[in-house]
S.K.: 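My questions all concern the structure below.
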Amino acid sequence: MSTLKAVRGTRDLLPPETALWNRIEATARTVFARYNFGEIRTPIFEDTALFARGVGEETDIVSKEMYTWEDRARAQSEKTQTLTLRPENTAGVVRAYIEHKLGETGQLQKLYYIGPQFRRERPQKGRYRQFSQIGAEVIGPPSSGSESPLRDAEVLDMLASLLDELGISGWTLHINSVGSSADRARYNETLRAALIPLAPQMCVDCQRRAVTNPLRVLDCKIPEDQPIIETLPKIVDSLDEESKNHFAAVTAALDMAGVPYTRNHRLVRGLDYYTRTTFEFTHGGLGAQNALLGGGRYDGLSEAIGGPKAPGIGFAMGEDRLVLTLQALDTLVAEKGHAYIAPLGEGMNPAALALARELRRAGLTVELGEGSFRLKKSFETAEKVSRRIVILGEDELASGILTVKDFATGTQTKVPRAELAAVLAAPANA
RNA sequence: GCGGCCUUAGUUCAGCGGCAGAACGCCUGACUGUGGCUCAGGAUGUCGCGGGUUCGAUCCCCGCAGGCCGCCCCA
């Protein structure tokens, strides 16, 4: 019988790696809280129509990467429904915003989420079929200030602070404006026309893109094509005055706040709902999947899925990629517990449990040994998982004076039971 | 969805058409309540799965699966 394995593109996360995941999530929650974001949890599956209308029917995500199935009807009278595992979370958040009439509060909604997303792509490093995103959205009626360029700058400032706090050094923030959807359509045609005479000199991929999706030519990584791409019209020249001014206000705020960024005329993101400001934080250590996070403004998304006018801006960070980056930077230090209790002889086991319970209730991390172990084995095991070892034998139990050895210093002391928790809680003696 | 490389012990990896290997880790002992060093010994396993060629396949061939790299796309 063949053994069952995690399905392609999914994986188990085990200790100690999960400690890193928890640290990332805890840091994100802390930073988001400082900016007054609250958590939202939306369902992992939604009506397929939400993604088709929100993300865009023509995008790769919707047209070929979604896990979609027909949910069977419970009764003759009930229609079957097409459901989809969420491939991203922004559409779900906006759906919830509309459904719960959050716009009626008149207040700006600042929501963050952490959770799994699903896309059926060919897996590779930093790209999985189930992956986790940490994201946030700022959305509200125009009267709440949701359209303000200050919101864009604040989100970018928050992200820069979060990455710094996580200890991710060497990131680059790329920003651009893709304007209104009309601006983008106009630019697409400008680009297509400009490429007609140039494409024959470019790589085969670009020759294809020039016809199928001109915007993607800007992403080409072939060195020979770069000088040609530099000569292409820039999207900024296709923007209307309002979008230009909005973008100028975003960069002015970033300059004043001291958030470093790179103006990237070639940053064109793939989801249909993006308007005006778009951005990406990249990191060199990730290979082809070098985007740590991406996001942008989506002023028309709510209306696209049947809601009121509700401009917004948001982002999604690839949590798996944050983990990869931090692992490459070697910032993972395994935390050792406070103490390992070594009972001498199986007869000491019950007393050892009682002692462990006492210390754990005092808030210490305690590993409980086993009386059948020889002391040598207890020491070897203890050294791997704990900062100190506590020996519990007949003498210690009778006298109430325990033997404690500190692995960092190699010093051994006798400690009365009443003082034990305090001694173990103290940092290693120098 | 396309192309390339890869898959052998718990881990990292050698290897060869003829008994399955190293290092690290693990277990036992030297050493009954003091580890880390040392020494002596021990267990590792469907050589990814399924076919084929062959007297004989872990090795050669084909298919499949999974991983990695690139394309596509994206977080």
Side-chain angles (χ1 to χ4, degrees), chain A residues 1-11 14 55-56 58-65 86-90 114-135 159 203-206 208-209 212-213 215-216 219-222 267-271 274 278-283 286-296 314-325 340 342-345 348 369 371-386 388-396 403-408 410-412:
Chain A
M1 191 167 71
S2 61
T3 52
L4 293 168
K5 300 193 299 184
V7 308
R8 183 168 166 84
T10 70
R11 61 210 177 116
L14 307 171
V55 177
E58 300 307 315
T59 61
D60 278 26
I61 291 177
V62 172
S63 65
K64 52 190 192 196
E65 295 174 1
R86 63 187 186 195
E88 58 94 59
N89 218 328
T90 298
I114 298 175
Q117 318 292 335
F118 307 85
R119 291 181 201 173
R120 200 182 176 290
E121 295 180 273
R122 178 102 168 223
Q124 49 181 271
K125 188 175 196 167
R127 193 170 76 187
Y128 309 98
R129 290 182 170 184
Q130 176 178 333
F131 58 100
S132 179
Q133 287 189 333
I134 300 176
L159 286 166
C203 69
V204 287
D205 283 331
C206 282
R208 177 176 45 74
R209 291 169 180 136
T212 60
N213 195 347
L215 293 179
R216 295 261 80 90
D219 289 335
C220 179
K221 299 179 190 86
I222 307 287
L267 177 68
V268 181
R269 302 188 50 76
L271 278 56
Y274 284 121
T278 57
F279 56 88
E280 214 171 84
F281 283 72
T282 59
H283 197 276
L286 283 167
Q289 270 64 48
N290 70 346
L292 281 173
L293 69 93
F315 63 85
M317 323 178 68
E319 193 175 3
D320 305 74
R321 294 182 186 177
L322 294 178
V323 169
L324 282 171
T325 304
Y340 180 98
L344 291 178
M348 287 294 110
S372 63
F373 290 175
R374 291 175 51 182
L375 196 53
K376 170 188 166 106
K377 179 169 173 172
S378 292
F379 264 89
E380 287 172 350
T381 307
E383 211 269 337
K384 285 176 189 137
V385 301
S386 297
R388 294 186 178 87
I389 186 170
V390 176
I391 296 167
L392 181 62
E394 301 283 354
D395 295 349
E396 285 83 358
T403 305
V404 177
K405 186 160 182 178
D406 187 313
F407 289 119
T411 55
Q412 187 163 313

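Here is how names work: the chains are called A, B, and so on, in the same order as the sequence lines, proteins then strands, and each is numbered from 1. Everything numeric in this text was worked out from a predicted model, so none of it was measured.
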S.K.: A:Arg119 has an atom CZ; how far is it from atom C1' of B:rG1, in whole Å?
M.R.: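 Whole-Å distance recorded here is 17 Å.
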S.K.: Determine whether a donor-acceptor pair (one donor, one acceptor, N or O, separation below 3.5 Å) exists between the side chain of A:Arg321 and the base of B:rC74.
M.R.: yes
S.K.: Would you mind reading off the distance between A:Leu344 atom CG and B:rC31 atom C1', rounded to a whole angstrom?
M.R.: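 Between C1' of B:rC31 and CG of A:Leu344: 15 Å.
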S.K.: Okay, side chain of A:Arg129, backbone of A:Glu121: is any donor-acceptor separation there less than 3.5 Å?
M.R.: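 It does hold such a pair.
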S.K.: From C-beta outward on A:Gln124, which listed nucleotide comes closest to its side chain: B:rU34, B:rC71, B:rG33?
M.R.: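 For the A:Gln124 side chain, the nearest candidate turns out to be B:rC71.
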S.K.: On RNA chain B, does the nearest nucleotide to A:Ala316 precede the nearest nucleotide to A:Phe379 from the 5' side, or the other way round? Give the residue.
M.R.: A:Phe379
S.K.: For the P atoms, the ones on B:rC49 and on B:rA65, what distance do you get once it is rounded to whole angstrom?
M.R.: 16 Å
S.K.: Can you tell me the distance, in whole Å, between the CD1 atom of A:Ile389 and the C1' atom of B:rG35?
M.R.: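 Value for this atom pair: 8 Å.
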S.K.: Counting heavy atoms from C-beta on, name the nucleotide in B:rC31, B:rC74, B:rG67 closest to the side chain of A:Lys376.
M.R.: B:rC31
S.K.: Whether the side chain of A:Asp320 engages the backbone of A:Arg127 through a donor-acceptor N/O pair (distance < 3.5 Å, no angle test) should be reported.
M.R.: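 No; judged by distance alone, with no hydrogens or angles, the pair does not exist.
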S.K.: So A:Phe315 and A:Phe279, would you call those rings parallel, tilted or perpendicular, with 30° and 60° as cut-offs?
M.R.: tilted
S.K.: On RNA chain B, nearest-nucleotide positions of A:Lys64 versus A:Met317: which is more 5'?
M.R.: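 Result: A:Lys64.
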S.K.: Does A:Arg374 place a side-chain N or O at less than 4.0 Å from the phosphate oxygens OP1/OP2 of B:rA30?
M.R.: yes
S.K.: At under 4.0 Å between heavy atoms, what does A:Ile391 touch on the DNA or RNA strands: base, sugar-phosphate, or nothing?
M.R.: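 Contact class for A:Ile391: base.
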S.K.: For A:Lys64, is there any backbone N or O sitting under 3.5 Å from a side-chain donor or acceptor partner on A:Arg119?
M.R.: no
S.K.: Quickly work out the A:Asp406 CG to B:rG36 P distance and round it to whole Å.
M.R.: 18 Å
S.K.: Answer with base, sugar-phosphate or nothing: what part of the nucleic acid does A:Glu121 contact at a heavy-atom distance below 4.0 Å?
M.R.: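 Here A:Glu121 touches the bases of the nucleic acid.
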S.K.: Whole angstrom is fine here: how far is it from CZ in A:Phe373 over to P in B:rC31?
M.R.: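 Distance, rounded to whole Å: 22 Å.
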S.K.: For A:Lys125 and B:rG4, what is the distance between atoms NZ and C1' respectively, to the nearest whole Å?
M.R.: 18 Å
S.K.: Please give, in whole Å, the distance from B:rU34 P to A:Gln412 CD?
M.R.: 10 Å
S.K.: Contact between A:Thr10 and A:Phe118 at the side-chain level, heavy atoms closer than 4.5 Å - yes or no?
M.R.: no
S.K.: B:rC73 C1' sits how many Å from A:Arg122 CZ, rounded?
M.R.: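 Going from A:Arg122 (CZ) to B:rC73 (C1'), I get 14 Å.
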S.K.: Counting any heavy atom closer than 4.0 Å, what does A:Phe315 reach on the DNA or RNA strands: base, sugar-phosphate only, or nothing?
M.R.: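 The residue A:Phe315 makes no contact with any strand.
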S.K.: Ignoring hydrogens and angles, does a donor from either the side chain of A:Glu65 or the base of B:rG1 sit under 3.5 Å from an acceptor on the other?
M.R.: no
S.K.: Please measure how far the C1' atom in B:rC13 lies from the corresponding atom in B:rU53, and state the result in whole Å.
M.R.: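 One C1' to the other, the span is 30 Å.
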